Amino acid sequence: MTDALLSVKNLYKHFDISGGLLDQISFSAGRLHRRRTLVKAVNNISFDLQAGETFSVVGESGCGKSTLGRTIMGLYPPNAGEIHYSGNRIDNLDHKRLLPYRKKMQMVFQDPYASLNPRKTIRQALEAPLRYHNPNLSNSEVKDRIDEVMIQVGSDPQWISRMPHEFSGGQRQRISIARALVVDPDFIVADEPISALDVSIQAQILNLMMDLQQQRNLAYLFVAHDLSVVEHLSDRVGVMYLGSMCELSEAGILFENPRHPYTQALMSAIPKLEGGPSEHIRLKGEVPTPINLPSGCVFHGRCPYANARCTAENPQLLSLEDGRQVACHGVEEGRF
Amino acid sequence: MSSIRSYIRANGMTSLLEVKDLVIKFALRTGEVTATNGVSFTLEKGERLGLVGESGAGKSVTGFSIINLISKPGYIASGEVNFLGEDLARVSDERIRSIRGNRISMIFQDPMMTLNPVLTIGTQMTETLHQHNPQMSKAEARAIALDKLRKVYIPSPEKRLGQYPHEFSGGMRQRIIIAIALLTDPELIIADEPTTALDVTIQAEIMELLMELCETEDMGLILITHDLAVVAQVTQNIAVMYAGSVVEKGPTAQVVADPQHPYTQGLIAALPQSSGHGERLNQIPGMMPTLKNIPPGCSFNPRCPHVMEVCKQQVPSLRSGKNSNLAACHLYPPEKDNPSAR
Ligand SMILES: Nc1ncnc2c1ncn2[C@@H]1O[C@H](COP(=O)(O)OP(=O)(O)OP(=O)(O)O)[C@@H](O)[C@H]1O
Ligand SMILES: Nc1ncnc2c1ncn2[C@@H]1O[C@H](COP(=O)(O)OP(=O)(O)OP(=O)(O)O)[C@@H](O)[C@H]1O
Ligand code: SF4
Ligand SMILES: [Mg+2]
Ligand SMILES: [Mg+2]
């Protein structure tokens, strides 16, 4: 799709954790070897995000959700692949040319302390990005703008002279959302924005995010481990396993009838409020490290349906009739 | 459940655990605060009880107090913790040490609270056994440790005994914690957010394991968590805490399907499962008061959609709601001398 707000194409992000040169060198069979250790956090990820859409990324801890979000935000340079925003390629821009896009793309984190400096007042936290991206604003325009976003996130504009520690977790999260909104973005990466909050406060923040989306036609890349929350607010969901996208679909279709064996296991483990203990699919073994990616399908070692092809050949995302994409040989072959 | 309970009472059997009017205070420099204000609940042998509520509601403090682990500046100001008829709030330090980690085990959210990073799993397990039974032979301790590791489905346990905590994944570590908790064949396990840090797939495994063990070993379980869905899957009864008090208790399925206290109602209504896809969620306005700002009367009254004048003045006692759940709420008529409401 060419009209996508964000388009991620075959994105790779690997971290080099080899350490210093001496750590990398080993001596064996009479020769010196230099070994580099790479964490292959994100591998060949592609998806589009439309304006006003919520796309969620789910998967177990360490599967690369945050790395994907941060790479899209330009916080990490990708190793390969492309990122397009409003039709322009942005992954290869220098700092100065990236600036206009940085303003349109903002990030909200799980721990509001990560984005709010504990030694700065709320006013300072909100003013800095606003003035940075809009150097020509007058003082009164800055104040008006800050008052406006504070009200929009349901916080009292009077609070802006306070410090972050004077607020509860929910209030701090409102303020970090205000901080993202103050520069008027079109797109927000929300990485576990409600995971640290209690249920009654989670509902307040999720409502706020949904309201803001409607008012401003915001697009979200949403990361959360609470799958009932993901099901509720996502238009589409991508399921990641060990740095790869294994299934990508409209949310209702995915939760109704997951097709990838990993998605099936994940969904079966969601605790349900009613109906007592449910049968969940037990996976054998453990998640391998992203340092030594398995050959073939990254899931084959734990998959109940793996066969010889699965251990050898890496499955590509394949579109099904219902519009979803699944990377699984078994689904392609109609084996289950 | 209430019929089992009345049968047990009628036959003069002792409950596994009976927490009665427990008041825990913290003597802070800025003044004294009350962390739990008269918490009461009962657990029968082999029963699984969920203790739910939001952060700061007093769940952990209640759990810790059962094995007298409240440390200064906290203390049990009043109330009883009757474990098979013996009030653990009043026994000697020596006596509580012989019960803690032996007949009552505790599992924490962070496995490293229990595990020593520099000792092998085998050493830690056999040491625990020796602590409670110095006469036990090495071979016997090792055999018990292996047996418990098998019970929690650790593959090749003989090899695993020689490994250190960091060699295990988060989910495996939590299973080892459960194996350690099982070593002494406890009658009660208190699990404080045992899966909060884990992925859902691993959470499902750990919960299934805990449930299975409670049944096969006839152990009681107090599962402390903020996750109602987890409690709904695992426990038979629930106590809902708010600002230091139990505001509702009853059979799990009934509390979830037909909550009586406005707070429980609000909590369940706020879950995404309770609203249609993409609809606004039913939020509870405001937030739980901190211990220093607990309002007079019902502590939920500033957030309650049904608040009445009496709610701002009198603390409501637990009483029957429209079903057999007990709710601390003035919407229902108080019960005089109702023993089960205590
Ligand atoms: N800066 C970094 N340097 C080296 N490795 C990293 C770095 N950031 C992430 N990783 C590794 O990349 C992998 C993916 O991590 P990431 O944080 O993206 O996972 P995640 O899906 O967000 O997990 P979680 O649910 O725990 O937040 C992990 O193996 C992680 O250890
Ligand atoms: N050592 C302490 N000193 C002072 N206050 C304390 C101490 N420990 C706990 N409290 C207070 O007691 C109250 C109950 O705390 P508790 O840890 O039991 O909450 P909880 O329900 O377990 O919450 P969470 O879900 O966050 O674990 C809180 O208000 C807490 O601040
Ligand atoms: S006692 Fe009153 S304020 Fe408290 S929950 Fe019941 S109706 Fe609401
Ligand atoms: Mg992350
Ligand atoms: Mg706690």
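These numbers come from a predicted model, not from an experiment. Reminder, nothing fancy here: chain letters follow the sequence lines and each chain counts from 1.
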Verdict with supporting geometry, E54(B) and S200(A), side chain to side chain contact (heavy atoms under 4.5 Å, CB included): CA-CA 8 Å; E54(B) 34 201 299; S200(A) 74; 3.3 Å; yes
Pair E274(A)-Q273(B), side chain to side chain contact (heavy atoms under 4.5 Å, CB included): steps then yes or no: CA-CA 10 Å; E274(A) 275 163 65; Q273(B) 294 93 313; over 6 Å; no
Stepwise side chain to side chain contact (heavy atoms under 4.5 Å, CB included) test for H225(A) and D199(B): CA-CA 8 Å; H225(A) 63 255; D199(B) 287 310; 5.6 Å; no
Side chain to side chain contact (heavy atoms under 4.5 Å, CB included) evaluation trace for V199(A) with L228(B): CA-CA 9 Å; V199(A) 175; L228(B) 266 167; over 6 Å; no
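Ranking P272(B), A232(B), G53(B) against chain A, the residue ahead of the rest is P272(B), based on heavy-atom pairs under 4.5 Å. Looking only at heavy-atom pairs under 4.5 Å with chain B, the residue among V229(A), D226(A), L233(A) that has the most is V229(A). Contact tally against chain A (heavy-atom pairs below 4.5 Å) for A229(B), G266(B), A270(B), S275(B): the top residue is A229(B). In terms of heavy-atom pairs under 4.5 angstrom with chain B, the leader among M267(A), Q202(A), H280(A) is H280(A). For the options N207(A), I201(A), I270(A), D235(A), heavy-atom pairs under 4.5 Å to chain B are most numerous at N207(A). Ranked by heavy-atom pairs under 4.5 Å with chain A, the first of E279(B), R303(B), M288(B) is E279(B).
Here the CD1 atom belonging to I205(A) is positioned 11.5 Å from the CG atom belonging to L281(B), to the nearest 0.5 angstrom. We find the CD-CG distance between E205(B) and L283(A) to be 7.0 Å, quoted to the nearest 0.5 Å.
Counting heavy-atom neighbours within 6.0 Å of K322(B) NZ, excluding the residue itself, gives a total of 12 or less. Within 6.0 Å of atom CD in Q158(A), 12 or fewer heavy atoms from other residues, nucleotides or ligands are found, so the atom counts as exposed in its surroundings. Within 6.0 Å of the CD atom in E158(B), the count of heavy atoms belonging to other residues, nucleotides or ligands exceeds 12. Atom CD of Q163(B) has more than 12 neighbouring heavy atoms from other residues, nucleotides or ligands inside a 6.0 Å radius.
With a 4.5 angstrom heavy-atom cutoff, S234(A) touches chain B only via backbone atoms. Residue contact with chain A, scored on non-hydrogen atoms closer than 4.5 Å, is absent for L198(B). Heavy-atom distances place no part of I281(A) under 4.5 Å from chain B, backbone and side chain included. For M207(B), no part lies under 4.5 angstrom from a heavy atom of chain A. Heavy-atom distances place no part of T252(B) under 4.5 Å from chain A, backbone and side chain included. With a 4.5 Å cut-off on non-hydrogen atoms, P285(B) touches chain A through its backbone but not through its side chain. Heavy atoms closer than 4.5 Å to chain B are found in both the backbone and the side chain of S228(A).
Checking side-chain atoms of Q204(A) against main-chain N and O of I284(B) turns up a donor-acceptor pair under 3.5 Å. Between the side chain of H226(B) and the main chain of L197(A), no donor-acceptor pair closer than 3.5 Å is present. Formation of a donor-acceptor pair under 3.5 Å by the H277(B) side chain with backbone atoms of H232(A) is found in this model.
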